[in-house]
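Here the structure comes first, spelled out in structure tokens, and everything after it is commentary.
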Amino acid sequence: MAGARIRVAVIGLGNVACTLLQGIAFYRSLNGKRGLWHEKVGNYSIDDVEIVGVFDIDARKVGRSVHDVLKEFGYGNNISMDAYRDLRVSAGMMVDEPPEHWSMDIARIDRDGFTEALKGCMADVALNLISSSLDGSSLAYAEASLRAGVSFVNATPSILQSNDGLRVAFRDKGLLMVGDDLMSQFGGTVFHKGILQLLHRRGMAVNSSYQLDVGGSSDTRNTMREEVRARKRVIKTSSINAELPYEFGITAGTTEYTEFLKDERVSYYWFYAEGFMGSPVRIDVMMRSSDGANACNVLLDVIRAVKYARDRNSPELEEVISAYGFKSPPKVMSVVDAQQRFEEMFIVKA
């Protein structure tokens with residue numbers, strides 16, 4: 001019901017999760033909401049979002065106060081993190097083989113143990129923010145959330161939406177499973193889509209485009225595994241292709257990991273379109289942005305929309321939420337149509 005808290009369990013205390021927790025504390029300390037995309041979603045404000053559980057497999061984090069982990073890893077500067085002093089990081093699941101470049105000690109819990117831990121924190125929504133390439137673990141988290149009676153948000157590229165049996169099982173319990181692969185507020189994919197939409201709406205015939213991304217996050221490093229990079233390229237390309245009513249030449253994907261960029265991502269774009277009498281238009285542009293900050297407005301919108309849909313006993317609204325917030329939803333829409341439908345259903349007008 002509107003006005004209640006939204007109890008969120010965060011799975012994977014990496015860069016995006018740390019930024020999300022920092023952002024919740026940041027906006028609670030302000031009277032204004034500058035930078036917050038939608039102040040209310042389904043009657044819920046950011047003040048209604050409560051982090052009740054945090055799970056990770058990094059032994060350096062497990063068992064420690066979330067407050068201390070955020071401080072040690074460089075988050076929360078000049079922002080009070082007192083709300084997280086009594087919240088401890090619990091061990092998560094790891095059913096995949098760790099990537100070769102991982103050197104950390106792993107602390108893990110089995111499926112039954114995680115399910116009970118999730119029940120214990122009485123979460124409404126489980127937010128999956130683990131590293132790319134851990135497909136078995138993402139599936140295990142979704143299945144555990146189902147058993148615990150918790151709606152599931154899959155921000156990773158692991159493909160869960162094509163698992164019709166799993167989606168139906170969530171709906172049958174009045175729960176939502178939304179995803180896959182988070183589309184940032186103003187990241188590489190949505191920027192690419194926006195330029196294509198503008199060209200198309202202005203009557204230009206798009207011939208070809210490409211997008212090449214370079215990043216410095218640990219998730220970008222995991223993406224460098226060839227099978228992961230290839231799959232993400234397919235997801236991005238398919239998502240971007242949906243913007244136009246005809247086929248055109250396109251390549252989109254992450255090309256390199258560069259450690260010194262840290263949380264930042266640099267995206268390079270090239271577009272070729274034709275207008276009157278075949279007159280060419282070429283666009284060559286670069287954008288630099290923060291992966292963590294770019295994700296958080298969309299995550300907060302999705303979390304609140306999921307809870308609102310469950311309040312209304314309307315799990316079928318997952319299709320609109322997924323199309324709005326993710327690159328690989330079960331029902332693909334253009335970025336403009338998806339945002340319009342989401343705002344019609346969930347955004348409270350002042």
Side-chain angles (χ1 to χ4, degrees), residues 36-44 151 153-155 157 159-162 164 167 170-171 176-211 232-250 252 267 269 271 273 283 287 289 294-310 312 314-350:
L36 195 62
W37 189 2
H38 297 116
E39 289 194 28
K40 284 199 172 182
V41 177
N43 292 325
Y44 287 106
S151 292
V153 176
N154 179 37
I159 304 301
L160 301 181
Q161 290 297 327
S162 60
D164 292 335
R167 289 177 59 208
F170 269 90
R171 281 197 185 189
L176 287 79
M177 181 178 76
V178 300
D180 300 314
D181 202 359
L182 188 75
M183 182 163 60
S184 296
Q185 178 185 3
F186 206 80
T189 299
V190 77
F191 182 84
H192 199 150
K193 285 169 169 275
I195 297 296
L196 291 173
Q197 276 277 348
L198 180 61
L199 288 166
H200 177 62
R201 288 173 179 267
R202 299 301 296 177
M204 305 299 294
V206 178
N207 179 278
S208 54
S209 70
Y210 69 70
Q211 172 191 334
K232 287 211 57 153
R233 187 181 302 122
V234 169
I235 291 173
K236 279 191 176 185
T237 299
S238 175
S239 177
I240 293 166
N241 232 323
E243 290 304 306
L244 300 183
Y246 53 84
E247 295 293 324
F248 63 103
I250 177 175
S267 299
Y269 306 87
F271 301 84
I283 302 172
M287 180 174 71
S289 60
N294 235 329
C296 289
N297 262 320
V298 179
L299 286 174
L300 286 166
D301 284 358
V302 167
I303 289 166
R304 291 179 289 174
V306 165
K307 180 63 167 61
Y308 183 67
R310 190 177 178 188
R312 296 179 58 189
S314 301
E316 71 279 359
L317 293 179
E318 67 183 15
E319 288 190 348
V320 175
I321 300 171
S322 291
Y324 167 75
F326 301 89
K327 301 186 190 82
S328 187
K331 183 176 181 180
V332 177
M333 304 179 196
S334 74
V335 68
V336 173
D337 290 343
Q339 182 175 334
Q340 180 177 339
R341 289 197 61 189
F342 181 89
E343 291 181 340
E344 286 173 352
M345 292 183 177
F346 296 104
I347 303 304
V348 176
K349 304 298 183 183

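Keep in mind the model is a prediction, meaning the values are calculated, not measured.
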Ring centres under 6.0 angstrom apart (H38, F346)
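No - the distance between ring centres of H38 and F346 does not fall below the 6.0 Å cut-off.
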
Just grab all the salt bridge (charged side-chain N to carboxylate O under 4.0 Å, His left out) pairs involving residues 196-205, residues at least two apart or on different chains.
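For residues 196-205: none.
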
Mind jotting down which residue pairs meet the salt bridge (charged side-chain N to carboxylate O under 4.0 Å, His left out) criterion with at least one end in residues 321-334? Sequence neighbours excluded, please.
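Every pair satisfying salt bridge (charged side-chain N to carboxylate O under 4.0 Å, His left out) with a residue in residues 321-334: D181-K327.
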
Excluding sequence neighbours, so at least two apart, what forms side-chain contact (heavy atoms from CB on, under 4.5 Å) with S238?
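Partners of S238 by the side-chain contact (heavy atoms from CB on, under 4.5 Å) criterion come out as none, since no residue qualifies.
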
In chain order, what residues pass the side-chain contact (heavy atoms from CB on, under 4.5 Å) check against Q339, with sequence neighbours excluded?
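W37, Y324, E343.
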
Using salt bridge (charged side-chain N to carboxylate O under 4.0 Å, His left out) as the criterion, list what pairs up with R310, not counting sequence neighbours.
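For R310 there are no salt bridge (charged side-chain N to carboxylate O under 4.0 Å, His left out) partners, ignoring immediate neighbours.
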
Salt bridge (charged side-chain N to carboxylate O under 4.0 Å, His left out) against K193, all qualifying residues, sequence neighbours excluded
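So K193 forms a salt bridge (charged side-chain N to carboxylate O under 4.0 Å, His left out) with E243.
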
With [X] via side-chain hydrogen bond (donor to acceptor under 3.5 Å, both in side chains) - residues at least two apart:
X    : value
D180 : N154
S267 : D213
N241 : none
S151 : none

Flag side-chain contact, heavy atom, 4.5 Å: [X] against [Y]:
X    : Y    : result
V190 : Q185 : no
I235 : I159 : yes
E318 : R167 : yes
Y308 : V41  : no
L300 : L36  : yes
E319 : P329 : no
F271 : N207 : no
S239 : T189 : yes

Taking only residues two or more places apart in sequence or in another chain, which ones pass ring pair (Phe, Tyr, Trp, His ring centres under 6.0 Å) with F170?
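Partners of F170 by the ring pair (Phe, Tyr, Trp, His ring centres under 6.0 Å) criterion come out as none, since no residue qualifies.
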
Ring pair (Phe, Tyr, Trp, His ring centres under 6.0 Å) involving F191 - partner list, sequence neighbours excluded:
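F191: ring pair (Phe, Tyr, Trp, His ring centres under 6.0 Å) contacts with F186, Y269.
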
Measure the CD1-CD1 distance between I321 and I303 for me, rounded to the nearest 0.5 Å.
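Rounded to the nearest 0.5 Å, the CD1-CD1 separation comes out at 11.5 Å.
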
To check you understand the geometry: which heavy-atom pair defines the closest contact between L176 and A309, and what is its length?
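For L176 versus A309, the nearest heavy atoms are CD2-CB, 3.7 Å.
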
